Amino acid sequence: MKYLKNTLCRMCDGTGFDTVLDLGEQPLVNSLLRKEDFAQKEPLFSLVVRRCRTCGLVQLTEVLEADEIYKNVDYLFFSSDMPTLADYFRDYADDVKKRFLKKGDFVVEMGSNDGILLSFFKDEHPILGVDPATNVVVRALQRGIPTLSEFFNEHVAQLIVREYGKAKVFIANSCVAHVNDPKNLMRGVKAMLADDGVFVAEVNYWGAMVKNTNYSLIYHDHFSYLSLKNVQNLAEQFGMRAFDAWVTPSQNFGMLRVFLDNGKRPLTDRLQKLQKEEEDTNLNSLETCKRFEENVRKVSDKLLGILNDLKKQGKRLAGYGASAKGLIILRTAGIGKDLIDYFVDDSPAKQGRFTPVDRIPIISRAEAQSQLPDYFVILAPNYAKVIVEKEKKFRDTGGRFIVPVGDIEIF
């Protein structure tokens with residue numbers, strides 16, 4: 001696998017970095033195993049978070065070539081399999097349509113996955129998705145969502161403009177942080193957008209990660225951990241400006257949704273409020289990074305202690321949700337098959353597979369019924385509320401849940 005070691009900050013070309021969090025050697029948490037994979041040695045890769053001393057961007061400087069994550073593997077994240085995501089994207093689309101679009105305006109989405117968001121535009125607008133994961137694109141096409149199996153960049157943007165024209169709205173959800181060359185991305189955005197167009201990006205928000213001690217987002221897919229200030233700095237390099245931003249109550253404990261244009265729209269109050277909050281809390285500082293590292297270590301050690309104590313009491317433990325976020329939580333704490341018997345996951349694409357390194361089996365909820373644990377560790381913590389509501393009978397018969405984020409809830 002091709003591994004890149006950046007010597008420059010991907011946003012400002014700075015050369016000096018401080019270590020924020022070193023998670024050692026880790027597998028690709030989205031690459032679940034089949035039994036036939038057991039004979040092969042699993043690759044592990046350094047996972048070290050650093051902060052640029054020049055611009056403050058928190059990032060991975062050692063990264064895998066994106067092909068190794070999205071094109072050369074059977075990518076197993078499908079947006080349509082995620083509970084509540086359809087409602088979230090319906091509201092998202094309604095807001096964009098109401099504020100920025102007229103009927104017939106062209107809408108393009110980068111990292112469109114299986115087309116769940118674009119499906120809410122297609123009745124009134126020409127649409128196009130761009131996503132590098134071929135198996136995901138096949139599902140999008142089956143759903144009637146026109147999609148290119150490509151990495152979005154300046155060249156692809158120029159091809160799209162030549163064939164379809166410029167977009168009034170260009171959307172990038174949970175994928176800007178996956179780009180090792182955000183400058184090329186921004187050149188593509190500039191080429192893609194109409195003069196009065198809007199670029200809407202939703203990114204994992206560094207501020208929410210710090211506030212919630214949410215380290216579950218730190219894995220090889222995510223190259224950068226962005227603040228509003230980081231996005232503003234990047235936009236300004238290309239003559240664009242953030243005019244609106246807010247932290248959504250999303251499934252990732254807070255995503256930053258930011259709106260960029262060519263400087264034609266006034267700044268919203270909520271953008272200015274968030275900007276001041278980042279300044280007041282010194283969000284982009286090294287001190288904040290060090291505090292985050294300390295809190296991660298405390299929470300991780302606490303989780304390991306809780307599970308060890310329960311196992312000593314003879315309790316049976318299983319994971320609920322074989323998500324990348326949950327797997328990195330376990331890997332950080334050193335929790336493996338000695339503590340977790342199996343994972344339940346509702347995604348058929350994951351059932352019958354095994355977790356990296358520890359090779360813990362992933363089964364359906366129906367299969368788990370005959371071997372229920374005393375405690376389910378919710379390893380899709382962003383869906384904890386949905387899972388608990390669905391599992392009322394399990395709780396009523398004495399089963400309990402552990403939510404391994406923040407202060408670690410047990411109920």
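These numbers come from the heavy atoms of this one structure, side chains and all, not from hydrogens, waters or symmetry mates. Everything quoted here is computed from the prediction, not taken from an experiment.
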Are Y164 and F106 near enough that their ring centres are under 6.0 Å apart?
yes
R353 (side chain) donor-acceptor with S31 (main chain) under 3.5 angstrom:
no
What is the distance from atom CG of N6 to atom CG of L60, rounded to the nearest 0.5 Å?
9.5 Å
Mind telling me whether Y219 and H222 have parallel, tilted or perpendicular rings, with 30° and 60° as the class edges?
tilted
Row check, F243 ring normal vs R265 NZ/CZ: under 6.0 Å, within 45°
yes
Restricting to non-hydrogen atoms, name the atom on L64 and the atom on F223 that form the minimum distance, rounded to 0.1 Å.
O-CZ, 3.5 Å
Is Q237 atom CD crowded by more than 12 heavy atoms from other residues, nucleotides or ligands, each under 6.0 Å away?
yes
Rounding to 0.5 Å, atoms CG (D374) and CG (L310) come to a distance of 8.5 Å
Does a salt bridge link R257 with E202, judged by any charged N lying under 4.0 Å from a carboxylate O?
yes
Considering non-hydrogen atoms only, spot the tightest contact between A245 and R270 and give its length.
O-CG, 3.4 Å
Could D345 and R365 be called an ion pair, given the rule that one side-chain N must be under 4.0 Å from one carboxylate O?
no
side-chain contact (heavy atoms from CB on, under 4.5 Å) partner of I329, the single match among S300, S323, S216
S216
To the nearest 0.5 Å, atom CD1 of I335 lies from atom CG of L330 at 5.0 Å
Is any side-chain heavy atom of I218 less than 4.5 Å from a side-chain heavy atom of Y225?
yes
Within the 4.5 Å heavy-atom criterion, are P356 and L327 side-chain neighbours or not?
yes
Does a salt bridge link K392 with D396, judged by any charged N lying under 4.0 Å from a carboxylate O?
yes
Distance (rounded to the nearest 0.5 Å) between E163 CD and L148 CG:
10.0 Å
Could you check whether E277 pairs with K211 (Lys NZ or Arg NE/NH1/NH2 to Asp/Glu carboxylate O, under 4.0 Å)?
no
Within a reach of under 6.0 Å around CG of D407, are more than 12 heavy atoms found that belong to other residues, nucleotides or ligands?
no
Without hydrogens or angle criteria, can the side chains of Q275 and Q232 be said to hold a donor-acceptor pair below 3.5 Å?
yes
Hey, what do you get for CZ (F45) to CD (E25), rounding to the nearest 0.5 Å?
9.0 Å
Under a 4.5 Å cut-off applied to non-hydrogen side-chain atoms, are N173 and F89 in contact?
yes
So which heavy atom on L44 is nearest to which on P27, and how close?
CD2-N, 3.5 Å
Do V296 and T213 have side chains that approach each other closer than 4.5 Å (heavy atoms only, starting at C-beta)?
yes
Testing the 3.5 Å rule here: is there a donor-acceptor pair between the side chains of D131 and N113?
no
Are more than 12 heavy atoms, taken from residues, nucleotides or ligands other than K302, located less than 6.0 Å from that residue's NZ atom?
yes
R291 side chain reached by V210 side chain, heavy atoms, under 4.5 Å
yes
Are more than 12 heavy atoms from other residues, nucleotides or ligands located less than 6.0 Å from atom CG of D280?
yes
Would you say E42's side chain and V357's backbone share a donor-acceptor pair under 3.5 angstrom?
yes
Tell me if the centroids of the rings in F259 and F199 come within less than 6.0 Å of each other.
no
Nearest heavy-atom neighbours spanning T134 and S149
OG1-OG, 3.4 Å
I'd like to know if R53 pairs up with D18 as an ion pair, taking the criterion as any Lys NZ or Arg NE/NH1/NH2 lying under 4.0 Å from an Asp or Glu carboxylate oxygen.
yes
Is any side-chain heavy atom of L260 closer than 4.5 Å to one of V198?
no
Examine distances only and state if a side-chain atom of Q158 and a backbone atom of A191 form a donor-acceptor pair shorter than 3.5 Å.
no
Does the ring centre of F343 sit less than 6.0 Å away from the ring centre of F354?
no
Do any N or O atoms from the side chain of N212 and from the backbone of N214 form a donor-acceptor pair under 3.5 angstrom?
no
Is it true that D244 and R99 make a salt bridge, defined as a side-chain N closer than 4.0 Å to a carboxylate O?
yes
Minimum-distance pair of heavy atoms, taken over all atoms of V344 and A368:
CG2-CB, 3.5 Å
Is there a side-chain contact between F292 and V58, using heavy atoms and a 4.5 Å cut-off?
no
Inspect the contact between D13 and K183 and indicate whether a charged nitrogen and a carboxylate oxygen are less than 4.0 angstrom apart.
yes
Worked check of side-chain contact (heavy atoms from CB on, under 4.5 Å) between M192 and F152:
CA-CA 11 Å; M192 170 70 63; F152 180 82; 3.7 Å; yes
Test item: E154 and K190 side chains (from C-beta on) under 4.5 Å apart, heavy atoms
no
Run the side-chain hydrogen bond (donor to acceptor under 3.5 Å, both in side chains) check on T248 and Y205 step by step: do they pass?
CA-CA 10 Å; T248 76; Y205 182 44; over 6 Å; no
Do we see a donor-acceptor contact under 3.5 Å between the side chains of N284 and S227?
yes
Salt-bridge test for D37 and R359: reply yes if a basic N is under 4.0 Å from a carboxylate O, no otherwise.
no
Can you see which heavy atom on A201 is nearest to which on V176, and at what distance?
CB-CG2, 4.2 Å
Can you tell me how far apart CD (E124) and CG (D105) are? Round to the nearest 0.5 Å.
10.5 Å
Give a yes or no on whether the backbone of S285 and the side-chain of N282 come within a donor-acceptor separation of less than 3.5 Å.
no
Please determine if D261 and K264 form a salt bridge, counting it only when a charged side-chain N lies under 4.0 Å from a carboxylate O.
no
Mark yes or no for whether Q59, through its side chain, and L57, through its backbone, hold a donor-acceptor pair below 3.5 Å.
yes
For the pair T355 (side chain) and I360 (backbone), establish whether a donor and an acceptor sit closer than 3.5 Å, ignoring hydrogens and angles.
yes
